[in-house]
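In what follows, a structure is listed as structure tokens, so that the remarks can point back to it.
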Amino acid sequence: MQIGKILYEMRTAQNISATDLVNGICAPSSYSEYETGKNIPDFLTVNGILERLGQGIASLSAWLSREEISYLGWRDEVCDAIEKKDYNGLKEAIEKAFVCSSFHKKLQLQFLLYAKGVLEERLYHNHKKAMEKYWEAFCLTADFLKDKDWKKKRVGSFEVGIYCLYTRLYIRLEQTKAAGIRETLEQLYLFVLSMADDEQQVKALPLLVCVMEEVEEAIFGRKVSTERFIEKERRLEKAYEQLKRCRYLYHVPQIQEALVECKTRLQKERETLIREKEAIQFLYHHFHKSLNYNPYNLHGNLWLMVSMGEYLEKGRRKKGLSQATVSEHICEPENYSRLEKGKRKPKIQNYKKLTQRLELEPKYYGEILTSDKAEVHLIRMELSGEIFEGNYEQAERLLSKLEEVLEEEKEQNLQYLEERRALISYRKNLMEKEERIEELKRILSYTMDLKDVGKKLHTYTSTERNLINQLGGMYLDTRQYEKAITLYTDYLEDMMGEKWGINQRFRETYLEALNLGKCLSDIAQYQEAKVIWEQWIKRALDIGYAANLDDYVVEYSYTLEMEKKEASDKPQKLCELAVAISEIYGNKRAKTEILEYHRRTYEG
């Protein structure tokens, strides 16, 4: 995957000049080298540019050095402390900050200033100093906001988030000047709405809308005209619908509360919204999570990280070559040894020569599908959405279109296409369970041996993860519990054993953990299953992730029902909660199954 070609297609499709896109991030001349493939942008630069394009690529992977992975692990530690509101932990993490030699220095400083701003505000309560940190962080890449023609420029969701944190303090310390900042927020709001990708919009829109409400209150107090309530309702509904569509919980309690107020003032129907609000409140209270929104948790793109050194080493061992043979006439054996150990990254030309000798692709960035066409990745994301919603006829049309557009018949692409087709066939009842088990094994064998799961020998692709989860699910459906438990346990040990990428690892394992809990529950190991449900539901609430949350809650309810030793209405209330969550976030299939379980168990 040539990331430069992808960036070029995305940029030109939106008719954005290179200068406006990368202003504050890098020089247009440097960016030109990325698009033409003369140079490879570092991880932070790619991430920043993708955010500004408002069109992220799901399931991106990056091949990195050990130092780069360690740096991103440190950032993950900072974000984890902010998510959990552990500000003493944040202080300790900031004290361990270091500069990664191969990453963009300005973008590293921007993140550090943001973290220091949160620390000043939340631990030391020094609002003036915190505001200065946020403003300094924002201006590192977006100082053009001071210019009159800044609307031509681009900002990313992280930059919008930093500006929101600055604004919240500014209106408290400079309340008389709040009106001046309102126009900027309105322009940012329109810019966020213009983002092509819903997943990018939803990272910035809920916080931005909440901060706009704070600014309006600072300006007008409680004396808001009907016209302003209509505008307020429109913004809030846009954010709420986006959250439901993308299945996130970012600031949902606050947005629901404000929407109820709007509908009350405008004398509009609000019963459905009140039920949804009460369900979310019960969810947070039951699992002992605060309803107070956390504006400091700025949500970025999620990536899978792969060690470039391990990639080279595995390729070399597969060919049965020594380090000296691989590096001959390319670099010194000692330098090559450092590459495999992850102590450094190879120069572009050397990397091409080494991978050519090992018959590997010179990977820097990758996705589920191997293609340099942005269209391929956009079709794939649309296909995933149609399958999730159960629209299988449309999914088959998109799959056929994808096959036509894909220009390379590589194992990774074939594996993905066959996995999607097999899933659709099974969902349409065109494949028997035992047949599906063998088909999943066959498709997985394109890229890995099933016996290697649990041995920490392999960095899983998203397609492999889907295949493993579906295979375990088939073992569960056919009551082969030992096989299912072994497969899921081994996979989870592989994925969760890493110290970096905590949130990404959660996203890549929540379905496997869900099915492992089902296995344990089915063999009456209710306590062990309950631990999984509680642990993963709480983590989902911490990071604001609502996908399959209804499944988790209904399974938790079932476990409590089966193990209860005395009369209690808690299982029924949790089951009703699962129904309510499914109405907000679930797909058709999940809603049907959860409603059926509720009727069968509690309605006779």
Side-chain angles (χ1 to χ4, degrees), residues 1 59 61 63 304 306-307 310-321 355 358-361 363 366-371 376 380 383-384 387 395-396 399-400 402-403 406-428 430-497 508-509 511-512 515-516 519:
M1 174 182 182
S59 303
S61 300
W63 276 252
L304 287 174
V306 183
S307 167
E310 289 180 11
Y311 178 62
L312 290 170
E313 182 183 6
K314 287 176 184 176
R316 178 178 64 79
R317 292 186 182 280
K318 188 175 181 180
K319 299 285 287 185
L321 301 175
T355 50
L358 294 171
E359 297 181 353
L360 297 172
E361 185 182 346
K363 291 184 177 181
E367 210 253 359
I368 291 178
L369 295 170
T370 301
S371 175
V376 165
R380 186 196 61 73
L383 171 62
S384 296
I387 290 176
E396 286 182 317
L399 192 57
S400 297
L402 194 57
E403 288 176 313
L406 271 172
E407 69 279 5
E408 296 183 77
E409 289 193 0
K410 294 197 172 184
E411 287 183 343
Q412 184 176 326
N413 293 350
L414 291 172
Q415 185 181 58
Y416 172 82
L417 293 170
E418 291 188 23
E419 179 271 327
R420 295 285 90 177
R421 198 166 292 286
L423 177 60
I424 293 169
S425 294
Y426 183 69
R427 293 273 179 86
K428 292 176 70 177
L430 300 176
M431 187 182 292
E432 297 296 328
K433 291 180 179 179
E434 290 300 333
E435 179 190 357
R436 177 159 165 74
I437 288 173
E438 295 307 313
E439 181 69 357
L440 290 170
K441 289 179 182 177
R442 184 191 67 78
I443 298 171
L444 183 62
S445 69
Y446 271 125
T447 57
M448 69 172 293
D449 190 331
L450 183 60
K451 294 177 183 177
D452 288 340
V453 178
K455 296 180 181 177
K456 294 183 171 61
L457 299 174
H458 191 77
T459 300
Y460 299 97
T461 66
S462 291
T463 303
E464 290 166 345
R465 173 217 168 197
N466 286 337
L467 287 163
I468 289 168
N469 182 58
Q470 291 170 38
L471 180 58
M474 295 311 302
Y475 286 149
L476 173 60
D477 285 351
T478 54
R479 301 183 183 277
Q480 300 180 62
Y481 296 118
E482 186 176 344
K483 285 184 178 181
I485 290 171
T486 299
L487 181 60
Y488 285 135
T489 302
D490 288 346
Y491 172 80
L492 289 169
E493 286 179 359
D494 272 356
M495 293 294 285
M496 301 308 289
E508 296 295 325
T509 53
L511 283 175
E512 290 74 19
N515 283 335
L516 176 59
C519 292

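Tested against Tyr416, the residues Leu383, Ile443, Thr370 include a single side chain to side chain contact (heavy atoms under 4.5 Å, CB included) partner, Leu383. With Leu430 as the partner, the side chain to side chain contact (heavy atoms under 4.5 Å, CB included) test is satisfied by one option alone out of Arg427, Lys428, Glu432: Lys428.
Residues Leu423 and Arg436 are in side-chain contact: their nearest non-hydrogen atoms beyond the backbone lie under 4.5 Å apart. Ser400 has its side chain within reach of Arg421: a pair of non-hydrogen atoms, C-beta onward, lies under 4.5 Å apart. Taking the side chain as every heavy atom from C-beta outward, Met474 and Asp477 approach each other to under 4.5 Å. Counting heavy atoms from C-beta on, the side chains of Arg465 and Met495 never come closer than 4.5 Å. You'll find the side chain of Leu467 stays beyond 4.5 Å of the side chain of Leu471, heavy atoms only. When side chains are defined from C-beta on, Val453 counts as touching Met448, because their heavy atoms get closer than 4.5 Å. Thr355 is not listed as a side-chain neighbour of Glu361, based on a closest heavy-atom distance of 4.5 Å or more.
Separating the OG1 atom in Thr461 from the CD atom in Gln412 is a distance of 6.0 Å, to the nearest 0.5 Å. A distance of 6.0 Å separates CG in Asn515 from CG in Leu476, rounded to the nearest 0.5 Å. Here Arg380 contributes atom CZ and Leu417 contributes atom CG; the two are 11.5 Å apart, rounded to the nearest 0.5 Å. Considering CD1 of Ile485 and CD of Gln480, their distance stands at 12.0 Å, rounded to 0.5 Å. Separation of atoms CD (Glu512) and OG1 (Thr489) is listed at 11.5 Å; rounding is to 0.5 Å. Taken from CG in Leu414 to OG1 in Thr463, the straight-line distance is 11.0 Å, to the nearest 0.5 Å.
Atom CD of Glu482 sits in a sparse spot, with 12 or fewer heavy atoms from other residues, nucleotides or ligands closer than 6.0 Å. No more than 12 heavy atoms of other residues, nucleotides or ligands shown are found within 6.0 angstrom of NZ on Lys318.
Thr447 and Gln415 share a donor-acceptor pair across their side chains, judged by distance under 3.5 Å alone.
Tyr460 pairs by the ring pair (Phe, Tyr, Trp, His ring centres under 6.0 Å) definition with His458, Tyr491, not counting sequence neighbours.
Heavy-atom minimum distance, Asp494 versus Gly454: OD2-N, 2.8 Å. Of all non-hydrogen atoms in Arg316 and Leu358, the two that sit nearest each other are CA-CD2, 3.5 Å. In plain terms, the two heavy atoms of Thr509 and Leu492 that are nearest each other are CB-CD2, 3.6 Å. Nearest heavy atom pair, residue Arg420 against residue Ser384, reads NH1-OG, 4.2 Å. Annotation for Leu487 and Gly472: closest pair CD2-N, 3.7 Å, computed over non-hydrogen atoms. Ile468 and Tyr488 get closest at one heavy-atom pair: O-CE2, 4.2 Å.
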Take Glu418 and Tyr446, measure what side chain to side chain donor-acceptor pair (under 3.5 Å) needs, and give me the verdict at the end. CA-CA 11 Å; Glu418 291 188 23; Tyr446 271 125; 2.7 Å; yes

What's the verdict on side chain to side chain contact (heavy atoms under 4.5 Å, CB included) for Glu434 and Ile437, showing C-alpha distance, side-chain angles and the deciding distance? CA-CA 5 Å; Glu434 290 300 333; Ile437 288 173; 4.0 Å; yes

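Between Arg442 and Glu438, none of the side-chain N atoms (NZ, or NE/NH1/NH2) sits under 4.0 Å from a carboxylate O, so this pair counts as no salt bridge.
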